[in-house]
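Here the structure comes first, spelled out in structure tokens, and everything after it is commentary.
Here, residue 1 is the first one in the sequence, and each next residue gets the next number. Every value quoted in this text rests on a predicted model; they were computed, and no experiment measured them.
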Amino acid sequence: MVLGIDARVFTYACHVLAVVSAVLVLVWCIDYRGGLAFKATNKQLIFNVHPVLMLIGFVIIGSEAIISYKALPFRKAVKKLIHLVLHTIALVLGAVGIYAVFKYHDEIGIANLYSLHSWFGLGTICLYSIQWIFGFIVFFFPGGTPSLQSGALPWHRVFGLFVYALALATVELGFLEKLTFLHNSGLDKYGSEAFLVKFNAIAVVLFGSLVVLATISAPRVN
């Protein structure tokens with residue numbers, strides 16, 4: 001518990017904010033930006049795949065993977081499997097989301113990896129992959145000895161939260177980058193689209209904070 005608040009309160013709030021963030025990014029990319037596509041004459045539709053998959057696929061499903069191991073009322077083995085499967089889905093969707101933005105840049109003829117957001121993003125998904133491989137080998141298959149798992153678990157938890165914090169920071173940099181583009185393109189920086197992006201950025205910060213609180217306040221699972 002944190003400040004006398006049951007971890008379940010943080011978990012329920014996480015789910016609510018996850019839905020809010022997912023709806024907002026879908027409204028932004030479909031209603032304001034025209035939709036989603038991997039092939040289109042309007043290349044913006046290719047780009048739109050990126051924020052949707054990175055937020056819903058990588059961050060939100062990745063968050064559910066973190067919460068699930070502490071919050072679900074199942075046997076440890078079942079929770080480990082759910083934790084692994086959700087992280088796998090998050091990693092795959094994140095990789096597809098990064099592919100989409102590289103494809104968009106290539107098709108409109110601009111350089112890749114020109115922004116701080118892109119460098120953070122590439123670094124984050126590489127660290128996420130390392131964390132996934134380490135967790136799979138040590139805790140799932142072939143699996144380390146009990147003493148190895150016991151010694152590695154605290155580092156696995158800390159490194160996992162570190163990578164998660166980087167993912168949240170990367171999302172916020174992405175929102176800031178798009179707000180800058182909106183402003184530089186002549187669109188009203190106080191208009192409804194800019195308001196929606198800013199509101200989603202705030203929702204993601206609150207969501208991520210609650211995920212961390214839910215994780216550290218839940219009963220420890222060894």
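Not one N or O on the side chain of Glu193 forms a donor-acceptor pair closer than 3.5 Å with the backbone of Trp28. Not a single donor-acceptor pair under 3.5 Å links the side chain of Lys79 to the backbone N or O of Lys70. No donor-acceptor pair closer than 3.5 Å links the side chain of Gln44 to the backbone N or O of Gly34. Between the side chain of His117 and the backbone N or O of Leu173, no donor-acceptor pair lies under 3.5 Å. Checking side-chain atoms of Asn200 against main-chain N and O of Leu24 turns up no donor-acceptor pair under 3.5 Å. Without hydrogens or angle criteria, Asn48 side chain to Arg33 main chain gives a donor-acceptor distance under 3.5 Å. At least one donor-acceptor pair under 3.5 Å links the side chain of Ser129 to the backbone N or O of Ile125.
Phe140 and Phe136 have tilted rings, their planes meeting at an angle from 30° to 60° on a 0 to 90° scale. Between Tyr128 and Phe58, the ring-plane angle classifies as tilted under the 30° and 60° cut-offs. Taking the six-membered ring where tryptophan is involved, the planes of His87 and His83 are perpendicular, since the angle between them exceeds 60° and thus also 30°. Note on ring orientation: taking the six-membered ring where Trp is involved, the planes of Phe134 and Phe139 are perpendicular (angle over 60°, cut-offs 30° and 60°).
Here the closest heavy-atom approach between residue Gly97 and residue Leu53 is recorded as N-CD1, 3.8 Å. The two residues Ala90 and Gly62 come nearest to each other via the heavy atoms CB-N, 3.7 Å. Closest approach of Val211 to Thr215, counting heavy atoms only: O-OG1, 2.7 Å. Contact record, Tyr164 with Gly208: OH-CA, 3.5 Å, taken as the closest heavy-atom pair.
Placement of Leu176 and Phe207 in two distinct hydrophobic clusters is found when ILVMFWY residues are connected by side-chain heavy-atom separations under 4.5 Å, directly or transitively. Using a 4.5 Å cut-off between side-chain heavy atoms of Ile, Leu, Val, Met, Phe, Trp and Tyr, with links allowed through other members, Phe199 and Val204 fall into the same hydrophobic cluster. Ile133 and Trp155 are not part of a single hydrophobic cluster, where members link through side-chain heavy atoms under 4.5 Å apart. In the hydrophobic clustering of ILVMFWY residues, with side-chain heavy atoms under 4.5 Å counting as a link, Tyr69 and Val158 come out apart.
Note that CZ of Phe175 and CG of Leu196 are 9.0 Å apart. Values are rounded to the nearest 0.5 Å. If you take OG1 on Thr124 and CD on Gln131, they are separated by 12.5 Å, rounding to the nearest 0.5 Å. With rounding to the nearest 0.5 angstrom, the CD atom of Glu107 is 4.0 Å from the CD1 atom of Ile46. The CD1 atom of Ile67 lies 8.5 Å from the CG atom of Leu210; values are rounded to the nearest 0.5 Å. The structure places CG of Leu213 at 10.5 Å from CG of Leu206, a figure rounded to the nearest 0.5 Å. Note: Ser118 OG to Ile98 CD1 = 10.0 Å, rounded to the nearest 0.5 Å.
Val171 has its side chain out of reach of Met54: every pair of non-hydrogen atoms, C-beta onward, lies at least 4.5 Å apart. For the pair Tyr32 and Val197, the minimum side-chain heavy-atom distance is 4.5 Å or more. The closest side-chain heavy-atom distance from Val20 to Val23 is not below 4.5 Å. Put simply, the side chain of Leu36 does not reach to within 4.5 Å of the side chain of Leu45, judged on heavy atoms. Two residues are said to be in side-chain contact when any heavy atoms from C-beta on lie closer than 4.5 Å; Val49 and Tyr99 fail this criterion. Side-chain contact check for Leu168 versus Val205: every heavy-atom pair is 4.5 Å or farther apart. For the pair Leu26/Ile56, a side-chain contact is recorded, criterion being any heavy-atom separation below 4.5 Å from C-beta on. At a threshold of 4.5 Å between non-hydrogen side-chain atoms, the residues Ser68 and Leu86 count as touching.
Around atom CZ of Phe162, no more than 12 heavy atoms belonging to other residues, nucleotides or ligands sit under 6.0 Å away. In this structure, Tyr114 places its OH atom where more than 12 heavy-atom neighbours from other residues, nucleotides or ligands lie under 6.0 Å away. Few gaps surround CZ on Phe102; more than 12 heavy atoms of other groups in view lie less than 6.0 Å from it.
Lys103 forms no cation-pi arrangement with Phe47, by the criterion of a distance under 6.0 Å to the ring centre and an angle within 45° of the ring axis.
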Query raised in the report: Between Val25 and Ser21, does a side-chain contact (heavy atoms from CB on, under 4.5 Å) hold up when you go through it step by step?
Result: CA-CA 6 Å; Val25 76; Ser21 297; over 6 Å; no
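His15 and Glu64 form a side-chain donor-acceptor contact under 3.5 Å, judged by distance and modelled atom types alone.
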